[in-house]
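Down below is the structure, laid out as structure tokens.
Starting from 1, each residue takes its place in the sequence as its number. In this text the structure is predicted, and so the values were computed from the model without any measurement.
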Amino acid sequence: MELSEFTILERNLTRALLTEDFELYRSLFHLPLHNVPRGGEAYDLTTDAALREDFVLYVQALKIQRVTDIYRRVLAISELDTDWVEVTVETNILGSTGRVVAPFHTQFVLRPRDGDWRITQVCSSFGHIRWTRGLADISDGQFEDLHAEGRLDAAPADQKTDGDDND
């Protein structure tokens, strides 16, 4: 996978979310989609209905925060096999006045399907994934759990972090 191919994919991902275009969003993924929140329990989205439900929640979270762009700065592209690529990015969620939340790292695993690269796995900060599912908020530039005391920007003591502020 070339950097330019990932750039097109990630810009389409942002466009799909910000314009509420589920068909474009769906075209970027291969199901089942494996989601891994660092410090949390992984889960799979196995149907179009489950992916759509997840998409609707993500769009709602973006609207609440008045997000105008999501910029992903590529940190590494690792070819794990001829048909298996992992892309690590620094994710920046932006609003009209600047960053909505502190940058965090996300890993995408991509595999070719029907002639194009598709996302098959997403590994992101615990707070980010909970926020996109309506289970966290953003306060003072950090993810904050809606159902418990404390912020979601610190991993449990037994969890390794990747160096960003939003594990």
Could you check whether any side-chain heavy atom of [X] comes within less than 4.5 Å of a side-chain heavy atom of [Y], counting everything from C-beta outward?
{"X": "T14", "Y": "R72", "result": "yes"}
{"X": "I119", "Y": "L9", "result": "yes"}
{"X": "E79", "Y": "I77", "result": "no"}

Ring pair (Phe, Tyr, Trp, His ring centres under 6.0 Å) against Y25, all qualifying residues, sequence neighbours excluded: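 F29, F55.
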Closest heavy-atom pair, T19 versus R15, reported as atoms and distance to 0.1 Å, is OG1-O, 2.6 Å
* Locate the shortest heavy-atom distance separating P37 from A42; write the atom from each residue and the value. =>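 Closest approach of P37 to A42, heavy atoms only: CD-CA, 4.0 Å.
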Donor-acceptor contacts, no H, no angles, side chain residues 93-104, under 3.5 Å, sequence neighbours left out:
unit_1, atom_1, unit_2, atom_2, d
R99, NE, N92, OD1, 3.0
R99, NH2, N92, OD1, 3.0

- Query: L45: what forms a side-chain contact (heavy atoms from CB on, under 4.5 Å) with it, not counting sequence neighbours?
  - Reply: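 L45 satisfies side-chain contact (heavy atoms from CB on, under 4.5 Å) with L33, N35, Y43, A50, L51, D54 only.
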- Query: With sequence neighbours excluded, what pairs up with L80 under the side-chain contact (heavy atoms from CB on, under 4.5 Å) test?
  - Reply: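 With sequence neighbours excluded, L80 shows a side-chain contact (heavy atoms from CB on, under 4.5 Å) to S78, W84, E86, given in chain and number order.
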Cluster question for you: counting only ILVMFWY and a side-chain heavy-atom cut-off of under 4.5 Å, with indirect links fine, are [X] and [Y] together?
{"X": "V109", "Y": "V122", "answer": "no"}
{"X": "L28", "Y": "V85", "answer": "yes"}
{"X": "L62", "Y": "Y71", "answer": "no"}

Rounded to the nearest 0.5 Å, what separation is found between the [atom1] atom of [X] and the [atom2] atom of [Y]?
{"X": "L17", "Y": "N12", "atom1": "CG", "atom2": "CG", "answer": "11.0 Å"}
{"X": "L31", "Y": "D48", "atom1": "CG", "atom2": "CG", "answer": "5.5 Å"}
{"X": "R73", "Y": "T88", "atom1": "CZ", "atom2": "OG1", "answer": "11.5 Å"}

Worked verdict on E53 versus V56 for side-chain contact (heavy atoms from CB on, under 4.5 Å): CA-CA 5 Å; E53 181 180 329; V56 168; 5.9 Å; no
*asked:* Among D83, T120, D81, exactly one meets side chain to side chain donor-acceptor pair (under 3.5 Å) together with R111. Which residue is that?
replied: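 The option that passes is D83.
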Any residue meeting side chain to side chain donor-acceptor pair (under 3.5 Å) with R52, in chain and number order, not counting sequence neighbours: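 Partners of R52 by the side chain to side chain donor-acceptor pair (under 3.5 Å) criterion come out as none, since no residue qualifies.
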Applying side chain to side chain donor-acceptor pair (under 3.5 Å) to R118 and not counting sequence neighbours gives none
Counting only heavy atoms from other residues, nucleotides and ligands, does the tally under 6.0 Å from CZ of R113 exceed 12? yes
query = Step by step, would you call F6 with V89 a side-chain contact (heavy atoms from CB on, under 4.5 Å)?
reply = CA-CA 11 Å; F6 180 76; V89 301; 3.7 Å; yes
Next on the checklist: Consider side chain to side chain contact (heavy atoms under 4.5 Å, CB included). Of T106, V74, L3, which one does V87 pass it with?
Outcome noted: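 Considering T106, V74, L3, a side chain to side chain contact (heavy atoms under 4.5 Å, CB included) with V87 is found only for V74.
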